[in-house]
Amino acid sequence: MKTIVALLILPVIMLLNTSFNSAINHFVLPVSAERPLSDSLTLPKQLADEKYFGPVLDISPPTIVGNFGEPRRLHFHTGLDFRTNQEEGHKVFAAADGYISRINVNGAGYGNALYITHPNGYVTVYGHLQRFNEEIMQRLRKEQYSKENFAVDFYLQPNEIPVNKGDMIALSGNTGGSGGPHLHFEIRDSLERIYNPMMFGYKLKDDMKPVVSLLKFYPLDDLKYKSDGYRTKVLLKSGIYEVSGSVLKLNSSQVGVSINAWDVINLSDAHIGIYNITVFDGDRMIYEYQMDRIAFSDKRNVLSHTDYPIFANESHRTFHKCFVEPGNHCPVYCNLANSGVIDLSDGKAHDIHMEVSDFSGNVSLVKFKLEQDKSSTLFKAGDLKYTTRFDYDHENEFSNSDIKIKIPEGCLFDNVFFNYSSALSTDPTVFSRVHAVDNSNTQVFDWFSLSIKTENLNSALTDKAIVIYKDGTGATTSRGGKFENGFVTCKAREFGTYYVRIDTTAPQIKPLNVIAGKNMRTYKKLLFKITDNLSGITDFDTYLDDKWVVTDYDAKSATLFHVLSDSISTGEHTFKVVVVDERSNRADYSIKFVM
Ligand SMILES: [Zn+2]
């Protein structure tokens with residue numbers, strides 16, 4: 001099998017050799033090292049030609065503010081974020097010949113997004129667009145009017161909107177869950193797996209090495225659940241990052257390490273993600289991480305890959321863990337020995353070195369010595385207090401008269417010493433006890449079932465009852481839920497504080513630029529703010545003189561934008577907005593204006 005595989009990839013390597021330079025070594029790794037990425041061999045030959053995909057933006061040279069795989073809140077980033085100089089309206093081009101295969105428009109997420117399917121089977125994705133070209137806009141509006149919905153996500157036939165490489169397909173924007181104007185660009189295969197676009201020639205000038213700031217060590221023997229680990233700075237000495245002192249003495253025989261590092265590139269001041277990390281114990285490689293490709297189902301492994309409590313509590317400071325928890329199946333690890341755990345039980349000093357690399361092959365070296373010393377106090381141990389133990393390789397359940405928790409196998413990254421407590425609430429808007437379901441520093445990969453017994457809930461209001469999640473910062477989110485036999489049951493995927501509230505309040509609709517009777521001819525747009533207090537907005541509709549009309553929605557600013565058509569007649573018109581929340585509370589608002 002391996003021989004066949006090697007023969008198949010050979011022509012690809014030869015073609016790649018000229019254009020991919022240093023990246024070639026990374027690219028070959030999947031075969032030689034039996035990496036989980038073995039099916040990256042299915043990359044068609046023409047992709048080895050970096051000219052297959054062309055520029056996607058009218059800014060030259062392009063630069064990025066985010067790269068593929070960099071850890072973000074609750075996910076690994078799945079594309080390149082091209083800089084658009086803090087402005088919208090840059091021309092976006094088709095990366096190669098193909099056809100518009102999907103149009104996805106939403107007030108959150110990717111915002112206005114286009115998908116192009118190319119003859120080689122790959123799909124390029126363009127997100128957060130301001131608007132599409134006229135032909136695509138017309139196709140979008142047709143779909144929106146036929147569904148009477150702003151948010152649409154639909155597939156097109158190859159003959160509907162074919163495109164040529166370099167065609168202007170859209171203008172860049174800031175729609176959906178975007179933190180500022182930029183172009184989000186992805187390359188996927190037909191199985192919806194997402195690739196590092198740099199593998200396809202989207203390389204940028206980069207002769208700068210990654211920056212390393214901190215290391216953190218974790219005891220992984222019997223101290224594992226009792227200690228918070230030990231964090232230390234590294235200092236750059238003669239081009240190598242080192243830990244001060246000759247040998248770091250640790251009171252544990254099994255040790256994991258994580259590294260706080262980021263990459264920098266020539267044409268951007270952004271801190272971007274690391275492409276490759278290796279760890280050597282002596283001459284032996286014990287860990288490698290490489291960001292070539294992930295699937296959507298892999299994205300939440302970022303909760304295990306990073307030291308996520310630090311990420312959440314310290315403005316997204318990223319420590320990459322260089323040991324792999326048993327429930328983390330993200331296909332970005334290879335060359336693992338003992339899951340990357342450093343075994344110090346021989347009592348000797350171990351020479352550890354790490355290489356932190358970017359896609360262009362700039363490498364930063366980190367070197368230090370570790371030794372087990374039982375008298376060391378670097379790992380401070382507390383008491384282990386817990387209610388019950390959950391094993392990561394089982395289904396787990398916990399219940400009492402007030403709560404039922406059912407966690408399917410595959411939800412936990414490692415065994416959890418689970419803590420539970422509950423308290424009466426003094427808040428009259430809370431209709432259950434307040435439950436501490438472990439705490440938000442324990443990460444959960446996937447959905448589990450949570451049922452909370454209601455208290456003092458009026459039987460007429462049971463369909464308005466929802467489960468509220470409160471995280472470590474005090475921020476709350478509705479998890480919805482369904483009332484049955486005295487309990488509200490929802491799906492949850494965080495540990496932390498939970499309780500029941502009711503949502504009987506309709507959303508709010510506020511006009512931003514319209515006043516009753518006002519002449520709106522010069523305004524071109526009608527703007528409204530729509531908000532909900534608890535369960536969240538699930539649908540809205542807008543009507544001009546009682547006929548449904550499309551209105552754009554931006555969730556992050558909670559704003560509706562209705563563009564007034566040039567063909568609208570002079571005289572008085574009525575505009576109506578209807579907004580519904582997740583608990584079916586409905587708000588109606590009508591206003592008359594003049595044109
Ligand atoms: Zn992005």
Side-chain angles (χ1 to χ4, degrees), residues 53 55-59 62-95 102-116 122-132 153 169-189 192-200 202-204 206 262-265 267-275 291-302 305-306 311 315-316 318 330 332 358-359 554-557:
F53 286 130
V56 290
L57 200 56
D58 68 358
I59 296 173
T63 184
I64 55 171
V65 290
N67 66 346
F68 181 81
E70 65 183 29
R72 298 265 180 102
R73 189 176 170 273
L74 307 178
H75 67 284
F76 288 110
H77 187 234
T78 50
L80 292 179
D81 282 346
F82 284 106
R83 178 186 286 278
T84 56
N85 303 329
Q86 280 97 47
E87 59 202 6
E88 299 188 26
H90 283 276
K91 286 180 183 142
V92 176
F93 306 120
R102 181 177 169 191
I103 301 175
N104 184 1
V105 167
N106 198 294
Y110 286 76
N112 297 332
L114 287 178
Y115 298 65
I116 299 178
Y122 282 77
V123 177
T124 50
V125 182
Y126 312 77
H128 309 309
L129 302 168
Q130 183 194 65
R131 56 181 289 117
F132 309 140
D153 183 6
I169 52 167
L171 296 177
S172 71
N174 187 32
T175 54
S178 169
H182 72 281
L183 172 67
H184 174 93
F185 176 67
E186 284 180 17
I187 300 178
R188 301 182 186 178
D189 66 14
E192 289 277 290
R193 294 173 303 188
I194 318 137
Y195 289 78
N196 189 336
M198 289 186 179
M199 294 166 74
F200 296 76
Y202 289 98
K203 288 212 292 176
L204 299 146
D206 183 7
W262 58 89
D263 193 30
V264 285
I265 55 172
L267 293 172
S268 174
D269 54 7
H271 289 185
I272 63 171
I274 299 294
Y275 173 61
M291 254 306 162
D292 287 328
R293 188 196 74 195
I294 55 170
F296 283 97
S297 53
D298 299 321
K299 285 167 73 171
R300 273 178 72 86
N301 283 305
V302 75
H305 174 75
T306 61
F311 184 89
S315 321
H316 294 189
T318 303
C330 200
V332 294
D358 60 28
F359 195 87
D554 180 52
K556 63 182 173 296
S557 61

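Whatever order the structure lists ligands and atoms in, that order sets their numbers, starting from 1.
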Checklist line | Distance-only donor-acceptor check, side chains Tyr126 and Thr124, under 3.5 Å | finding: yes
Item checked: Under 3.5 Å side-chain donor-acceptor pair for Tyr275 and Asp263 -> no
Item checked: At the Zn ion (ligand 1): angle between His77 atom NE2 and Asp81 atom OD1, to 10 degrees -> 100°
Notebook entry, point to check: Is the number of heavy atoms from other residues, nucleotides or ligands within 6.0 Å of NZ (Lys556) greater than 12?
Noted result: yes
Margin query: Please report whether the ring centroid of Tyr202 lies less than 6.0 Å from that of Phe185.
Written below: yes
Next item on the list: For the Zn ion (ligand 1), decide whether His128 has an N, O or S atom at a distance under 2.8 Å.
Entry: no
Next item on the list: Verify the distance test for His182 against the Zn ion (ligand 1): any N/O/S atom under 2.8 Å, yes or no.
Entry: no
Next item on the list: Looking at His184, pick out the N, O or S atom nearest to the Zn ion (ligand 1) and give its name.
Entry: ND1
